Amino acid sequence: GRATVSAAGESHFQLGGPTRIRLVATDYVHGGLTRITTYVDAAHWLACFRKAAEQCFFALVTDDKDTPLGIVHHSKGTSSQYVVTPGKLAGALPDIPGASQAWLGYNQPHGDPSQSESDHSLLADMAVLLSMLRIRCRGLIVVAPGGAASYWDGEQEVVFDIPAHPRRIPLPLLERRVFLNRRSKS
């Protein structure tokens with residue numbers, strides 16, 4: 001492989017030979033709801049990440065009947081910021097069979113679930129990308145320690161407390177993995 005650094009200071013690693021990228025289940029999270037019809041329901045599933053020390057960005061994916069299919073763990077940032085590559089996140093979601101809706105979200109380790117203008121801009125960009133893939137973007141949820149949360153639907157922000165539910169239903173936690181296509185030698 002070969003490493004390069006762009007003018008913006010981003011590092012890239014080019015893999016030698018053909019590669020393939022796919023989502024793989026790396027773990028399971030547990031929740032108590034079999035359908036996600038509201039932002040409060042979605043926050044329940046994302047609440048398990050509220051105590052993480054670094055901000056992490058997720059997409060909770062459901063089918064057209066509001067059944068949760070998986071949570072894509074897109075990225076891990078620092079205690080005060082997350083990193084999102086909208087094209088990579090949006091491009092990964094159609095790999096989930098039956099995906100038709102996505103609730104985006106991240107955790108806020110410092111406890112304030114208020115959203116910024118940057119968060120709102122990201123949601124707008126993601127909504128456009130997902131609509132091109134025929135996936136409905138349901139909004140952006142921020143979860144914080146103590147059960148506080150916020151939701152932005154593109155028009156207004158709502159701050160609320162996440163209600164407790166038993167957590168007995170497993171849901172796969174999915175991450176992007178790069179695989180080298182190995183060719184057999186004759």
Side-chain angles (χ1 to χ4, degrees), residues 1-6 8-31 36 42-64 66-109 115 118-119 121-143 152 169-183:
R2 181 177 65 128
T4 59
V5 178
S6 71
E10 301 166 323
S11 60
H12 303 275
F13 188 76
Q14 183 177 20
L15 296 170
T19 60
R20 58 190 165 91
I21 299 172
R22 50 175 219 199
L23 289 174
V24 296
T26 58
D27 203 352
Y28 287 86
V29 297
H30 291 81
I36 301 170
H44 164 74
W45 277 100
L46 297 177
C48 62
F49 304 107
R50 71 188 184 280
K51 296 179 183 178
E54 306 93 7
Q55 286 190 2
C56 300
F57 201 89
F58 302 94
L60 171 58
V61 181
T62 67
D63 65 14
D64 59 354
D66 302 318
T67 304
L69 302 175
I71 298 176
V72 176
H73 180 194
H74 174 67
S75 62
K76 184 182 287 190
T78 67
S79 64
S80 61
Q81 68 181 15
Y82 60 82
V83 177
V84 176
T85 308
K88 286 182 182 177
L89 176 56
L93 301 188
D95 290 344
I96 301 171
S100 69
Q101 304 178 87
W103 299 84
L104 305 178
Y106 69 93
N107 64 306
Q108 179 51 270
Q115 298 186 29
S118 296
D119 292 332
S121 294
L122 172 64
L123 178 67
D125 293 344
M126 287 298 301
V128 169
L129 288 172
L130 291 172
S131 71
M132 289 189 280
L133 299 168
R134 292 184 168 72
I135 294 176
R136 179 179 173 205
C137 184
R138 298 294 306 264
L140 180 64
I141 298 165
V142 178
V143 296
W152 173 256
I169 303 165
L171 188 64
L173 183 62
L174 306 163
E175 295 184 21
R176 291 174 68 248
R177 293 286 194 251
V178 178
F179 295 91
L180 289 174
N181 286 333
R182 305 239 185 244
R183 295 183 190 186

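Basis for what follows: all heavy atoms, side chains included, without hydrogens, waters or symmetry-related copies. This is a predicted model, so every value here is computed, not measured.
One finds the CZ atom of Arg136 at 9.0 Å from the OG atom of Ser100 (value rounded to the nearest 0.5 Å). His73 NE2 to Leu174 CG: the interatomic distance, rounded to the nearest 0.5 Å, is 11.5 Å. Atom NE2 of His74 and atom OG1 of Thr85 lie 4.5 Å apart (nearest 0.5 Å). For the atom pair Leu46 CG and Ile36 CD1, the distance stands at 8.0 Å (nearest 0.5 Å). For the atom pair CE (Met126) and OG (Ser131), the distance works out to 10.5 Å, reported to the nearest 0.5 Å. One finds the CH2 atom of Trp45 at 4.5 Å from the CG atom of Leu171 (value rounded to the nearest 0.5 Å).
By the 4.5 Å heavy-atom criterion applied to side chains, Val84 and Leu104 are not counted as neighbours. Inter-residue side-chain proximity for Ile71 and Val29 is flagged as met; some heavy-atom pair is nearer than 4.5 Å. A heavy-atom distance below 4.5 Å is not found between the side chains of Glu54 and Pro109.
Note: Phe49 and Phe58 have parallel aromatic rings, judged against thresholds of 30 and 60 degrees for the angle between ring planes.
The two residues Pro68 and Thr62 come nearest to each other via the heavy atoms CA-CG2, 4.0 Å. Between Leu69 and Pro97 the shortest heavy-atom distance is CD1-O, 3.5 Å. The two atoms that bring Leu133 and Ala90 nearest to each other are CD1-O, 3.2 Å, heavy atoms only. Across all their heavy atoms, Arg50 and Asn107 have their closest contact at CA-CB, 4.2 Å. Ala99 and Ile135 get closest at one heavy-atom pair: O-CG1, 4.1 Å. Pairing each heavy atom of Gly87 with each of Leu129, the nearest pair is N-CD1, 4.0 Å.
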Residue pair Ile96, Val72: steps toward the side chain to side chain contact (heavy atoms under 4.5 Å, CB included) verdict: CA-CA 10 Å; Ile96 301 171; Val72 176; 3.8 Å; yes
Audit row: Val142, Tyr106, side chain to side chain contact (heavy atoms under 4.5 Å, CB included) steps and yes/no: CA-CA 5 Å; Val142 178; Tyr106 69 93; 3.4 Å; yes
Just do the side chain to side chain contact (heavy atoms under 4.5 Å, CB included) check on Tyr82 and Asp119 with the steps written out, would you? CA-CA 10 Å; Tyr82 60 82; Asp119 292 332; 2.5 Å; yes
Report the C-alpha separation of Leu60 and His44 in whole Å, then their side-chain angles, then the decisive distance to 0.1 Å, and conclude whether the side chain to side chain contact (heavy atoms under 4.5 Å, CB included) test is met. CA-CA 11 Å; Leu60 171 58; His44 164 74; over 6 Å; no
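With sequence neighbours left out, the salt bridge (charged side-chain N to carboxylate O under 4.0 Å, His left out) criterion links Arg177 to Glu175. Every residue meeting the side chain to side chain contact (heavy atoms under 4.5 Å, CB included) condition with Ala92, not counting sequence neighbours, appears here in chain and number order: Leu23, Arg176.
Gln115 contributes a side-chain N or O that, together with a main-chain N or O of Leu140, makes up a donor-acceptor pair within less than 3.5 Å. Judged by distance alone, the side chain of Gln108 and the main-chain N or O of Val143 form no donor-acceptor pair under 3.5 Å.
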